Amino acid sequence: MSNQSTNKIGVKTASTFVIANMIGTGVFTSLGFQLLTTVNPIAIALIWIIGGLMALCGAIVYSELGAAMPRSGGEYHFLSKIYHPAMGFLSGWVSLIVGFAAPVALACMALSSYVCSIMPWINPQALAIAVLIIITVVHLHSTKMGTRMQNVLTIMKVLIIIAFIIAGLLCTADGSANFDCVGDFKMSDVLSPAFAISLIWVYYAYSGWNAAAYISGDIKNPQRSVPIALIASTLIVAALYLMLNLVFLRTAPVSELSGQVEVGLISARHIFGVEGGTVMGLLIALMLTSSISSMVFVGPRVGMTMGEDHYLFSILKKRDPKGNPQVAIMVQFLISFLMILTDSFKEVTEYTGIVLSFCSLLTVAGVFVHRRRFKDAPRPYKTLGYPVTPILFCSIIVWSIVYLMYTDFEKAFVTHEQALPWTTIASIGTLLMGALLWFVNKKLSTSATQS
């Protein structure tokens, strides 16, 4: 226990984990997919501002829940206490499969996409897998080494992004024609399906704002540190995201960015020329290692907490002498590895967006339930702007999920772009599988107790 205590992290490191979780694949890839449906710069800016507001509202609510219930596990722990252990189990299952393993796989795929656009002779799948192996091995070795690597990579990431923004604002505006349609913007555009779908991509880019809540048990003085880490980090990232996407639009034509994963590399070549852009592209790839590292650290803590509570996942609670959840790290590695083999970036991202949004929705709405059920519970931090803050978050999330599912069904049964609404089916299937495993776990637990 003493070893585990000395390995606890402070508010600075907790903040770097939040920033590293947020600034990852999404901001360097999602604009290309947004431009397939939304091209007006004002609409694009509004999408990122609303996404930032949504993340901030979520972070403020999670700060209250994290301070009131300081234990690693995030939504899994919150929903178990607020509603029922079955809801927590379902959320933990989603985190185990989708919450971290999928974003880790996506970040590895994005990194390989950037590098292989510069060095096409490298096998992208092999590179993605190699990066995953190296970072997993570092975190398996020790928490101290992993957190040191995390701090260095995150500081480098923020400095590179700031330098990129400044250079993009000072260079010739090769994408100036993108702003010619600014006057065509109408507020009704905000209510369109295209806007809602783009918002799902942005929400994916902001995912990670709740990272500190997942590792509350590993943070010193979590009642104070978790709210600081969540709120400060979200504000910093929201400002960087808005500026970065405006730079992308300012420096490269929409025709080059639309539908592309490597929007950062395309923009960098316009800012720095082909050779300078190549160097920046490699730096962006390096930045993605920070996100991968953060999620490889944070994700297994959810599996470990589930292992402590549920018989079916009891193997995940195993720690090494330094407190590392070894088995949980390896399980997450295996799931990420299998997702990299699918090589389906866009589909995995949309699927991830629906399922994670649903769990966040239940958690933020849970602040109303928690206050009613546990009136006397200590609340070192209370939600700023309550009840408007959680209502705003829930409204935006519901709106986005409904539109994404509507579009999925439209593609299947109206435009016939796909055979079935696969994203919706995969999302519901994941939740149903979690429910089935809950009943299996309950029976196994009862049998084990009786024997």
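This is a predicted model, so every value here is computed, not measured.
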Enquirer: Kindly say whether C171 contributes a backbone atom to a donor-acceptor pair with the side chain of R250 at under 3.5 angstrom?
Expert: yes
Enquirer: Report the C-alpha distance between Y386 and F368 in whole Å, list the side-chain angles of each, state the deciding distance to 0.1 Å, and finish with yes or no for ring pair (Phe, Tyr, Trp, His ring centres under 6.0 Å).
Expert: CA-CA 9 Å; Y386 181 91; F368 297 107; 5.3 Å; yes
Enquirer: Kindly compute the distance separating CE (M330) from OG1 (T136), expressed to the nearest 0.5 Å.
Expert: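 Reported value, rounded in 0.5 Å steps: 7.0 Å.
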Enquirer: What are the two closest heavy atoms between C394 and V364, and how far apart are they?
Expert: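 Scanning both residues completely, I find the closest heavy atoms to be SG-CG1, 4.0 Å.
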Enquirer: Can you classify the ring geometry of F297 versus H139 as parallel (below 30°), tilted (30 to 60°) or perpendicular (above 60°)?
Expert: tilted
Enquirer: Keeping T389 on the side-chain end and L384 on the backbone end, is there a donor-acceptor pair under 3.5 Å?
Expert: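 Flag set: sc T389 to bb L384 pair under 3.5 Å.
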Enquirer: Any side-chain heavy atom of F333 within less than 4.5 Å of one from I133?
Expert: yes
Enquirer: Roughly how far, to the nearest 0.5 Å, is the OG atom of S91 from the CZ atom of F358?
Expert: 9.5 Å
Enquirer: Could you tell me whether a side-chain N or O of T251 sits under 3.5 Å from a main-chain N or O of V247, the two making a donor and an acceptor?
Expert: yes
Enquirer: Can L249 and N245 be said to form a side chain to side chain contact (heavy atoms under 4.5 Å, CB included), step by step?
Expert: CA-CA 6 Å; L249 284 173; N245 278 277; 5.8 Å; no
Enquirer: Looking at S267 and A252, what are the two nearest heavy atoms and their distance?
Expert: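 It is CA-CB, 4.3 Å.
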Enquirer: If we ignore hydrogens and angles and just use 3.5 Å, is the side chain of S293 paired with the main-chain N or O of T289 as donor and acceptor?
Expert: no
Enquirer: Minimum heavy-atom separation for T383 and I60, please, with both atom names.
Expert: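 Smallest interatomic distance, heavy atoms only, reads CG2-CG2, 3.7 Å.
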Enquirer: Are L96 and L316 side-chain neighbours, meaning at least one heavy-atom pair lies under 4.5 Å?
Expert: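 Contact flag for L96/L316 side chains = yes.
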Enquirer: Side chain of N324, backbone of Q326: donor and acceptor closer than 3.5 Å?
Expert: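 Between the backbone of Q326 and the side chain of N324 there is no qualifying donor-acceptor contact (under 3.5 Å).
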Enquirer: Is L53 close to C57 at the side-chain level, that is, under 4.5 Å between some pair of heavy atoms?
Expert: yes
Enquirer: Hey, does Q418 have a side-chain heavy atom less than 4.5 Å from the side chain of D408?
Expert: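 Answer yes - side chains close enough.
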Enquirer: Is any side-chain heavy atom of K382 closer than 4.5 Å to a side-chain heavy atom of R371?
Expert: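 Heavy-atom side-chain distance check passes, below 4.5 Å.
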Enquirer: Check for a donor-acceptor pair, side chain of S258 on one end and backbone N or O of V254 on the other, with a separation under 3.5 Å.
Expert: no
Enquirer: Working to the nearest 0.5 angstrom, can you tell me the gap between S95 OG and W93 CH2?
Expert: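 Rounded to the nearest 0.5 Å, the OG-CH2 separation comes to 11.5 Å.
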Enquirer: Quick one about E75 and T363 (side-chain donor to acceptor, distance below 3.5 Å, no hydrogens or angles considered), yes or no?
Expert: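 Judged by distance alone, the side chains do not pair up.
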Enquirer: Quick one: do M243 and I161 satisfy side chain to side chain contact (heavy atoms under 4.5 Å, CB included)? Show the steps, please.
Expert: CA-CA 10 Å; M243 294 302 298; I161 288 175; over 6 Å; no
Enquirer: Nearest 0.5 angstrom please: K411 NZ to Y406 OH, how far?
Expert: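 K411 atom NZ to Y406 atom OH measures 12.5 Å (nearest 0.5 Å).
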Enquirer: Does some side-chain heavy atom of I44 sit less than 4.5 Å from a side-chain heavy atom of L35?
Expert: yes
Enquirer: When you compare the side chain of I292 with that of C108, does any pair of heavy atoms fall below 4.5 Å?
Expert: yes
Enquirer: Given the rule in the side chain to side chain contact (heavy atoms under 4.5 Å, CB included) test, do I284 and E262 qualify, once you have shown the distances and angles that lead to the verdict?
Expert: CA-CA 10 Å; I284 290 172; E262 310 90 359; over 6 Å; no
Enquirer: If you count heavy atoms of other groups shown closer than 6.0 angstrom to CD of E275, is the number above 12?
Expert: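 It does not: E275 CD has 12 such atoms or fewer within range.
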Enquirer: Using a 4.5 Å cut-off on heavy atoms from C-beta on, say whether the side chain of L65 contacts that of H77.
Expert: no
Enquirer: Indicate the ring-plane relationship of W48 and Y206, choosing parallel, tilted or perpendicular according to the 30° and 60° boundaries.
Expert: tilted
Enquirer: Identify the two heavy atoms, one from G264 and one from F248, that lie closest to each other, and give their separation to 0.1 Å.
Expert: CA-CE2, 3.8 Å
Enquirer: To the nearest 0.5 Å, what is the distance between OG on S294 and CD1 on I19?
Expert: 10.0 Å
Enquirer: Could you tell me whether the side chain of Y114 and the main chain of L288 form a donor-acceptor pair under 3.5 Å?
Expert: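 Such a contact is absent between Y114 side chain and L288 backbone.
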Enquirer: Could you please spell out the steps behind the side chain to side chain donor-acceptor pair (under 3.5 Å) verdict for E256 and H270?
Expert: CA-CA 11 Å; E256 291 185 33; H270 280 272; 2.9 Å; yes
Enquirer: Evaluate the side chain to side chain contact (heavy atoms under 4.5 Å, CB included) criterion for residues Q332 and V104: first the C-alpha distance (whole Å), next the side-chain angles of each, then the deciding distance (0.1 Å), finally the verdict.
Expert: CA-CA 9 Å; Q332 181 172 295; V104 165; 3.9 Å; yes
Enquirer: How many angstroms lie between atom OG of S427 and atom CE of M405, to the nearest 0.5 angstrom?
Expert: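 So the gap between those two atoms works out to 7.0 Å.
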Enquirer: Provide the closest heavy-atom pair for Y76 versus G92 in the form atom of the first, atom of the second, distance.
Expert: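 Y76 and G92 have their closest heavy atoms at CB-CA, 3.9 Å.
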Enquirer: If you look at every heavy atom in A229 and S15, which pair is closest and at what distance?
Expert: CA-OG, 3.5 Å
